[in-house]
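Shown next, in structure tokens, is the structure this report addresses.
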Amino acid sequence: MTTVMLLGPSLSAVSGVSTHLNQLFQSTLAQQFHLVHFQVGSEGRAESLARKLQRFLWSPFQFVGALLRHRPDIVHLNTSLEPKSYWRDLAYLIIAKAMARKVMYQVHGGDLPEKFFANKPMRRALLRRALRMADLVVLLAQEEWRAYRAFDAALALSVIPNAIELAADPLIKPAASGGPLALVYVGRLAENKGIFDLVEALALVHQAGAASTLVIAGSGPEQARLAARVQSLGLTGSVRFVGAVFGEQKNKVWDEADLFGFPTYHREGLPYALLESMAARTVPLICPVGAIPDVMQDGVHGYFVAPHDARALADAILRLDADRPLLARMGQACRARAEQHYTVARLAEDFRAAYVTLTAPQ
């Protein structure tokens with residue numbers, strides 16, 4: 001049986017890459033391939049600065065030992081084009097190739113390659129060399145494929161989008177009762193996720209006479225400042241903070257919402273929250289960054305809004321508040337899109353085909 005070593009954070013960490021790894025381990029891939037995990041990075045670890053430095057220095061040697069022990073046919077490296085991840089994972093890439101392993105280099109967001117080392121030609125050359133070392137570079141979006149192809153036409157590239165386990169289909173949403181629209185935000189409470197713009201938009205919606213509500217599910221560095229802004233806008237009675245949610249609690253949050261407000265201007269990969277919202281018929285209002293335009297079509301599954309534009313976000317909310325049949329049609333289109341293209345079964349088949357190709361005789 002082909003052995004695949006997957007590199008990434010702790011399987012118990014709260015992160016998109018951990019979710020991805022767990023999906024692979026729990027999918028039919030685990031029946032077709034021998035999957036083993038090698039933990040890298042600080043996510044899911046509680047450690048001091050000294051312990052972190054010790055791990056950073058010792059981890060490459062542990063990786064060599066793991067390669068000798070498990071003898072994987074493929075090293076599946078999960079990384080991103082962000083400085084910390086790139087430089088850390090470059091060591092694992094070099095070691096794996098030095099030990100004659102096939103390497104799948106999966107990029108989970110971050111900068112596009114032309115921007116990553118802009119105006120630094122030597123580092124750009126090193127990035128190009130590193131990407132060429134990989135036997136296959138796996139990306140999340142067609143936009144990324146075009147950017148990597150433009151960066152280096154010699155790269156072996158593939159696009160494999162994220163996926164989700166589909167929960168039960170909530171056929172009836174709160175808007176069906178004719179009451180106020182229920183909005184939800186699910187994600188990290190950071191300014192570049194657009195959460196402050198969403199709160200400003202809600203205030204504009206109220207000024208227009210619509211009594212929409214907002215549930216904020218998540219935690220992060222801006223929580224206190226965000227709560228203060230909600231209070232200053234007079235929205236305390238309409239905005240509820242529920243903290244980070246998981247499992248059935250998260251499903252309930254999605255089911256009880258009509259709209260997913262996510263005007264992020266962060267360099268996203270393919271947010272799991274978008275896929276979850278669409279599967280729950282919770283129509284997204286979102287900025288078209290990263291892989292998001294691959295997943296949804298403006299005006300069909302929801303609306304694209306420009307970053308930092310609370311007015312446009314408010315207008316979209318008011319438009320759907322006034323046209324509940326359109327909202328219902330968008331919800332149906334969202335669920336159908338998730339069922340047809342973003343299931344874990346599809347994800348497993350995509351990686352099965354990629355693993356088989358990597359290990360096929362040349």
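Count residues from 1 along the sequence.
Residue-environment remark: CD (Glu339) exceeds the threshold of 12 foreign heavy atoms within 6.0 Å. Crowding of Glu165 atom CD: a count of heavy atoms from other residues, nucleotides or ligands under 6.0 Å not exceeding 12. Other residues, nucleotides and ligands contribute over 12 non-hydrogen atoms within 6.0 Å of the CG atom of Leu68. With a 6.0 Å radius and a threshold of 12 heavy atoms from other residues, nucleotides or ligands, Arg346 has its CZ atom above the threshold.
Here the CG atom belonging to Leu24 is positioned 5.5 Å from the CG atom belonging to Leu347, to the nearest 0.5 angstrom. Rounding to the nearest 0.5 Å places CZ of Arg225 at 10.5 Å from OG of Ser232. Note that CG of Asp89 and CD of Glu82 are 11.0 Å apart. Values are rounded to the nearest 0.5 Å. To the nearest 0.5 angstrom, Glu276 atom CD is 8.0 Å from Asn251 atom CG. Going from atom CG of Leu320 over to atom OG of Ser212 covers 10.0 Å, rounded to the nearest 0.5 Å. Here the straight-line distance linking atom CD1 of Ile317 with atom CG of Leu327 works out to 11.5 Å at 0.5 Å rounding.
Within the 4.5 Å cutoff, the side chain of Asp309 has no heavy atoms near those of the Pro263 side chain. At least one side-chain heavy atom of Ser238 sits under 4.5 Å from a side-chain heavy atom of His206. With a 4.5 Å cut-off on side-chain heavy atoms, Pro221 and Arg188 count as touching. Side-chain contact between Met99 and Val64: present, with at least one pair of heavy atoms (C-beta onward) separated by less than 4.5 Å. Side chains of Val239 and Phe241 form a contact here, defined as non-hydrogen atoms less than 4.5 Å apart. Side-chain contact between Glu222 and Ile195 is absent, with no heavy atoms from C-beta onward closer than 4.5 Å. Contact check for Leu204 versus Gln207: side-chain heavy atoms found under the 4.5 Å cut-off. A heavy-atom distance below 4.5 Å is not found between the side chains of Ser158 and Met104.
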* To do: Determine, stepwise, if the pair Thr3 / Met1 fulfils side chain to side chain contact (heavy atoms under 4.5 Å, CB included).
  => CA-CA 6 Å; Thr3 297; Met1 181 179 286; 6.0 Å; no
* Would you please test Val75 and Leu67 for side chain to side chain contact (heavy atoms under 4.5 Å, CB included) and show each step? => CA-CA 9 Å; Val75 171; Leu67 291 176; 3.8 Å; yes
* To do: Show your working on side chain to side chain contact (heavy atoms under 4.5 Å, CB included) between Tyr105 and Val138 and close with a plain yes or no.
  => CA-CA 6 Å; Tyr105 190 88; Val138 174; over 6 Å; no
* To do: Could you check Glu268 against Lys193 for salt bridge (Lys or Arg N to Asp or Glu O under 4.0 Å), going step by step and ending with a plain yes or no?
  => CA-CA 9 Å; Glu268 303 287 345; Lys193 296 289 188 175; 2.8 Å; yes
* To do: Could you walk me through whether Asp135 and Lys97 pass salt bridge (Lys or Arg N to Asp or Glu O under 4.0 Å), step by step?
  => CA-CA 9 Å; Asp135 296 280; Lys97 293 307 298 179; 2.9 Å; yes
* Is there a side chain to side chain contact (heavy atoms under 4.5 Å, CB included) between Met133 and Val103 once you walk through the steps? -> CA-CA 8 Å; Met133 288 176 66; Val103 174; over 6 Å; no
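Aromatic rings of Phe351 and His76 (six-membered ring for Trp) have centroids within the 6.0 Å cut-off, being under it.
In this structure, the side chain of Asp350 does not engage the main chain of Ile160 through any donor-acceptor pair within 3.5 Å. With hydrogens and angles disregarded, no donor-acceptor distance shorter than 3.5 Å links the side chain of Asn192 to the backbone of His266. At least one donor-acceptor pair under 3.5 Å links the side chain of Arg128 to the backbone N or O of Phe151. Side chain of Arg324 to main chain of Asp321: a donor-acceptor pair is present (N/O by atom type, distance under 3.5 Å, no hydrogens or angles). Checked by atom type and distance alone, the side chain of Thr282 pairs as donor or acceptor with a backbone atom of Trp254 at under 3.5 Å. A distance-only check finds a donor-acceptor pair linking the side chain of Asn162 to the backbone of Leu270 [under 3.5 Å]. Judged by distance alone, with hydrogens and angles left aside, the side-chain atoms of Arg337 form a donor-acceptor pair with the main-chain N or O of Val295 at under 3.5 Å. For His301 (side chain) and Gln297 (main-chain N/O), a donor-acceptor pair under 3.5 Å exists by modelled atom type. When atom types are taken as modelled, the side chain of Arg124 and the backbone of Asn119 share no donor-acceptor pair closer than 3.5 angstrom.
Salt-bridge annotation for Arg311 and Asp315: present, with a side-chain N of the basic residue lying under 4.0 Å from a carboxylate O of the acidic one.
Leu198 and Val245 fall within a single hydrophobic cluster, where Ile, Leu, Val, Met, Phe, Trp and Tyr side chains are chained together by heavy-atom contacts under 4.5 Å. Hydrophobic cluster membership is shared by Val137 and Phe116, with clusters built from Ile, Leu, Val, Met, Phe, Trp and Tyr side chains linked at under 4.5 angstrom. At a threshold of 4.5 Å between side-chain heavy atoms, the hydrophobic network of Ile, Leu, Val, Met, Phe, Trp and Tyr places Val344 and Leu166 in two separate groups. In terms of hydrophobic clustering, with Ile, Leu, Val, Met, Phe, Trp and Tyr side chains grouped at heavy-atom distances under 4.5 Å, Leu90 and Met5 are assigned to a common cluster. By the criterion of side-chain heavy atoms lying less than 4.5 angstrom apart, applied directly or through intervening Ile, Leu, Val, Met, Phe, Trp or Tyr residues, Phe260 is grouped together with Tyr303 in one hydrophobic cluster.
Counting all heavy atoms, side chain and backbone alike, Pro284 lies closest to Met296 at CG-SD, 3.6 Å. Closest of all the heavy-atom pairs between Tyr272 and Ala163 is CE2-O, 3.1 Å. Nearest heavy-atom pair across Gln39 and Ser10 is NE2-CB, 3.4 Å. Summarising the geometry of Thr2 relative to Asp73, their closest heavy-atom pair is CA-OD2, 3.4 Å, with the distance given to 0.1 Å. Contact record, Lys173 with Asp255: NZ-O, 3.3 Å, taken as the closest heavy-atom pair. Across all non-hydrogen atoms, the minimal contact from Tyr148 to Pro113 is CE1-CD, 3.5 Å.
For His308, the ring pair (Phe, Tyr, Trp, His ring centres under 6.0 Å) partners two or more places apart in sequence, or in a different chain, are Tyr265. With sequence neighbours left out, the ring pair (Phe, Tyr, Trp, His ring centres under 6.0 Å) criterion links Phe117 to Tyr86, Trp87.
Cation-pi check for Arg229 over Phe196 is not met; the charged atom does not lie both under 6.0 angstrom from the ring centroid and within 45 degrees of its normal. Geometrically, Arg352 does not engage Phe33 in a cation-pi contact defined by less than 6.0 Å to the ring centre and at most 45° from the axis.
In this pair, His37 and Phe25 present their aromatic rings perpendicular. The plane angle is above 60°, beyond the 30 to 60° band. By the 30° and 60° cut-offs, the orientation of the rings of Phe38 relative to Tyr92 is perpendicular.
A side-chain contact (heavy atoms from CB on, under 4.5 Å) with Leu139 holds for exactly one of Arg146, Arg149, Glu144, Gln106; it is Glu144.
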